[in-house]
Q: 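What follows is a single structure, and I will ask about it in a moment.
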Amino acid sequence: MTAYAWLLVALPLAGAAVLLLGGKRTNAWGHLLGTAMSLGSFGVGVATLIEMLAKTAEERETIIHLWDWIVVGTFHVPVALQLDQLSISFVLLITGVGSLIHIYSIGYMAHDENRRKFFAYLNLFIAAMLVLVLANNYMLLYVGWEGVGLASYLLIGFWIHKPSAATAAKKAFVVNRVGDVGLSLAVMLMFTAFGTVTFGEVNAAAESASTQTATWIGLALLLAACGKSAQFPLQSWLLDAMEGPTPVSALIHAATMVTAGVYLIARSHAIYDIAPIAQTAVIVIGGITLIMGAIIGTAKDDIKKGLAGSTMSQIGYMILGVGLGPVGYVFALFHLITHGFFKAGMFLGAGSVMHGMHDDVNMRHYGNLRTAMKITYATFGMGFLAIIGIPPFAGFWSKDEIIRAAFSHSPLTGIVTLIGAGITAFYMTRMMAMTFFGTARWQDDVHPHESPKSMTIPMMILSIGSAFGGMLLLFVANIESWLEPVVGFEHAHGGPDSSVLIPVTLTIVAIGAMMGWVQYAKREVPLLAPTDVSIFTKAARADLYGDTFNEAVFMRPGQYLTRSLVYVDNKVVDGVVNGTAGLVGVVAAQLRRTQTGFVRSYALVMVLGVVVIGAIAAIVGMA
Amino acid sequence: MSSALIADITAPSVNYYMLAPILIVLGGAVLSVLVEAFYPRESRRSAQIALVLTTLVVAFLAVLNIKVDAILGFTIVNSLAIDGVSVFLQGLIILSALVGALLISENRIDPLGDAFAAQSSALPGSEDELAFTERGWYQTEIWSLFLFSVGGMLIFPIANDLLTLFVALEVMSLPLYLLVGMARRRRLLSQEAALKYFVLGAFSSAFMLYGSALVYGFANSVELGDIAKALSASAANSNLMLVGGIFILIGLLFKVGAAPFHQWTPDVYQGAPTAITAFMSAGTKVAAFGALLRVFYVALSGLAWDLSAVLWAIAIITMLVGTIIGVAQSDIKRMLAYSSIAHAGFLLLGVIAQSKAALDGSLFYLAGYAFTSLGAFAVVSLVRDASGEANHLGQWAGLGKRSPVIASVFTLFLLALAGIPLTSGFVGKFAVFAAAYEKGLAPLVVVAVIASAIAGFFYVRVIVLMFFTDASGDEVSVVVPSFATAAAITITAVVTIVLGVIPQPVFDLLSNALFLK
């Protein structure tokens, strides 16, 4: 099956092509084709995994060379797929969760007249994301990187008739460009320093590279990761991206695309292993974002934006994890996969709630929904327990390992992750309480009801992953030794022992959850958000002034610059150009008169020309 | 006459193999006269078209048959030179003629018939004219004239002595004078143009003939090689030779449309039937530049220093006149005529530079320009109103909305004329300018680049007019062309793009293009 791995990408790509080129003719069965292509890709992925499992750990990495892409002198970039333990894990996450979300979207988008186009974009996204994780070099990865950016742009702005959606799509695109500059810089630096951009060769060359080179490449890659994974200071687009349809938020902006930054850093581990400054930068960025995202999550009344803040925060954990080096890579990726399950599940739950509540996203209009939407309540609940880290749910295992690794690095990083865990428990409990408990605060014409089977079944499957995924991966699949050949693994040394750390963590989580419960389930939740709140709440509601910062530092100076340039262009450049054009016009009008239309004057001009030419020749001859 | 005298004359050796393209075309022309005489009127037109197209295709095969790297040389007492350049130019001229023939054969665009008067001898606006038109007659003599003109073009750039050069010039030009005056619509304009072209052409021919006589006085020979030898042998400057050389150049510069001998160009381009304009702009330009390059590279290179100031002045004036006056034009055919003058100026850089790179660049430039110009005029012939072609630029407004395909193709040709990358125009300009720069002609290159920028204005203006201006309301329609014109436009557009994207094969072909001295 390995030889047919190109089908992984080809199937969804073909689906997208058929649906986009086929136009309205494919409306009737477009969603089924899209889902089938995604499922087909998942099937190929499973078959590839089975084949890989039959091999020993050292033989599992396979390069499938498809064709030569760029051959210029010594610079050689192939289009080749790298199948190894890391990429196959991503393939299964992307196609597995992706297929579930395709199925969910059949019901969720049933009444949308552009459903076919939606599935075409989803297929395009799956194909691009698979290119991203299967590429065996940074150039091809870049293709996938831009491809998912395009799909993300198209899907955030899917309801283009809403100005907010169009703006959000543009914002995501522009902010991601900033990160992409980092990736292109990194690729160029690699080419200059090593003469190659293939993973294997870069890793080999990195061992003998200078620390300075590795640091610059590492920082450039970090910038790229910040853009795609919504990390500080490029985090602002993710909250707005919630304007897209909810399945998109679940797939792209929670489970898969936004984790591409984590993948990128893990893939480039050889660079970071010799660049401590870049590693520290990664930890700092991850730490800041995990706290920031969590704080933003505490203040949002919009259920999707709350989840988006949470996503930022959880990816912060992963970024911090990969910044820790070999003690962290495996667990960051472990958390990435479990997060893919429970966050996608919760987003789908949020979509299900919105589906029953006339697309209202304001949690202040929810309350007591556990009676009306039992399945959604149960599946969302599993995700809730997983994210706040209650044993034996998935998040407990993965987050606990990151916290332990963080403590082994330094007490400060450990405490940051612990505080993050506490805030996470608080805002998730708040979300749970406001949505499913307390008194019903439904608007007058809203009659909540459970969603159709096509939506609830994917939610149930994902909730199973939320519940047991952690244990399965840790104890059955043995994720440490599975991923070790690719990214390396060391046991964490130093820091507090698990027997101390787990009770402490659980205590902090319990405190956070209790505070959330007391405030939002026991007390009445006002229908309108209170305005007489502390300065911290105000800051959190304003996304910790991320947009304000961007506007002050980038937008306004940028606008000022463009306005000045336009002024200079209008007055100076255009002045010169128009002046020249005017002059040419005047000269032309004069010269034109020589073209009298009389053949006699033409002949005269010829004679005069001959005389002048003769004179010139004579003068030159004498000189 | 005594037999002794006859024995003294040795029969010239004729290499028929190398002359095959010329002989085929001229033979086709003679056959065409016979068709004119003996074919019934109803089937005459189709017979002529079939004959002309067959002749040109066979002639092209004959050109391909000449092994460029093998047998080359002079033939018929050194009067013709067959070398790499001649083979390339002959091939190019025949291909241009083929596309031109397709355009000339078009009779679907105009509801009255083809682009030529039903009977040229009938007075414009007379009863006779109306009667002939109503009978649906065609003036099929145009095909004989066309082939004779092509024959002259094939000889012109390969003539190796001044007399053959002059004869070829006249064989090429005389049929063209007639063809220019035979338009079906706006006949007075057409006849006026023909007369102007004839009078001024005769005037310039006189210069050339007189120049040949003076040069003979200096070199005691009319062969280009002998002239070069005489020049290198003589120690001092000879005024006889200098004046003679200048006069010969004037005859050639008139044909390429260089200032100040350019003034016939806009009037003739405008007045001639558009298909003939297209053919002239490609074929005449290629043939005349071929002859100019040969005369200058082979015979007059010893005079290069003396002539350089003159040629610099002519090149600069030509580029500026072509582009600056072009800005003020409101008629699309006149605009393209000034564009052709400007291009003549750019090509003069290749003549002045005198290097292998410049020669290659010039020949490539000619190939690119020939097809682009044919295509541009072909599109012009399609845009019409009730009275014929809609040549006023104002009538082209909003064409992009009504006929996006035609407007896009025309945009392609305009971009190629302006020298935008990925078109043949860019590669040609770049090759010529780069070669000129290498030979230390930087000031000329600067002028050329400035002139290109000015020229870009009037090309882009048409694009803006077509795509970003609303229609003025005049009833202008784009006629759906018949197969012939559609084929011509497709071929020229494809060549324009292909030469722009992958020019290397043509340059590889040109590696053999050298003048035989």
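So you know, we letter chains A, B, ... as the sequences are listed, proteins then strands, and number each from 1. Keep in mind that the numbers below use all heavy atoms, side chains included, and drop hydrogens, waters and symmetry copies.
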Q: Does one side chain, of B:S173 or B:K255, offer a donor that lies under 3.5 Å from an acceptor on the other?
A: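 Yes - a donor-acceptor pair under 3.5 Å links their side chains.
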
Q: Measure from the side-chain N and O atoms of B:T318 to the backbone N and O of B:A259, and report whether any donor-acceptor pair falls under 3.5 Å.
A: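 Judged by distance alone, yes, a pair lies under 3.5 Å.
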
Q: Looking at A:F598, does the NZ or CZ of A:R600 lie under 6.0 angstrom from its six-membered ring centre and within 45 degrees of the ring axis?
A: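 Yes, cation above the ring, under 6.0 Å and within 45°.
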
Q: With a 4.5 angstrom heavy-atom cut-off, could you sort out which part of B:I317 is near chain A: side chain, backbone, both or neither?
A: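 For B:I317, there is no contact with chain A at all, as no heavy atom is under 4.5 Å.
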
Q: For the interface with chain A, which of B:V327, B:L200, B:I246 has the highest count of heavy-atom pairs at distances below 4.5 Å?
A: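 Option with the greatest count: B:L200.
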
Q: Among B:V321, B:L195, B:V243, B:V310, which residue has the highest count of heavy-atom pairs closer than 4.5 Å to chain A?
A: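 Highest number of pairs under 4.5 Å: B:V310.
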
Q: Would you call the rings of B:Y210 and B:F247 parallel, tilted or perpendicular, taking 30° and 60° as the class edges?
A: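 Tilted: the ring planes of B:Y210 and B:F247 meet at 30° to 60°.
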
Q: For the residue pair B:Y197 and B:Y177, does the interplanar ring angle fall in the parallel (under 30°), tilted (30 to 60°) or perpendicular (over 60°) class?
A: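 Answer is perpendicular, since the angle exceeds 60°.
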
Q: Kindly say whether the aromatic ring centers of A:F125 and A:Y121 come within a distance under 6.0 Å.
A: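 So the answer is no for these two rings.
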
Q: Considering residues, nucleotides and ligands other than A:F158, do more than 12 of their heavy atoms fall under 6.0 Å from its CZ?
A: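 Yes, enclosed.
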
Q: Given that the side chain runs from C-beta out, which part of B:A309 has a heavy atom under 4.5 Å from chain A: side chain, backbone, both or neither?
A: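 Looking at B:A309, backbone and side chain both touch chain A.
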
Q: Look only at the side chain of B:Y338 and the backbone of B:P266, and say whether a donor-acceptor pair between them is shorter than 3.5 Å.
A: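 Checking the backbone N and O of B:P266 against the side chain of B:Y338, no donor-acceptor pair under 3.5 Å is found.
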
Q: Based on non-hydrogen pairs under 4.5 Å, which of A:A618, A:A617, A:G609 is most in contact with chain B?
A: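 Result: the option with the highest number of such pairs is A:A617.
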
Q: Checking A:T580 against chain B: side chain, backbone, both or neither under 4.5 Å from a heavy atom?
A: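 For A:T580, neither part sits under 4.5 Å from chain B.
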
Q: I'd like to check the ring-ring contact (aromatic ring centres under 6.0 Å, His included) partners of B:F261; sequence neighbours left out, ordered by chain and number.
A: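 Partners of B:F261 under the ring-ring contact (aromatic ring centres under 6.0 Å, His included) test: none.
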
Q: Considering only heavy atoms, give the residues of residues 176-193 of chain A separated from chain B by less than 4.5 Å, sorted numerically, with 'none' for an empty result.
A: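 Those residues of residues 176-193 of chain A which would need a heavy atom under 4.5 Å from chain B do not exist here.
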
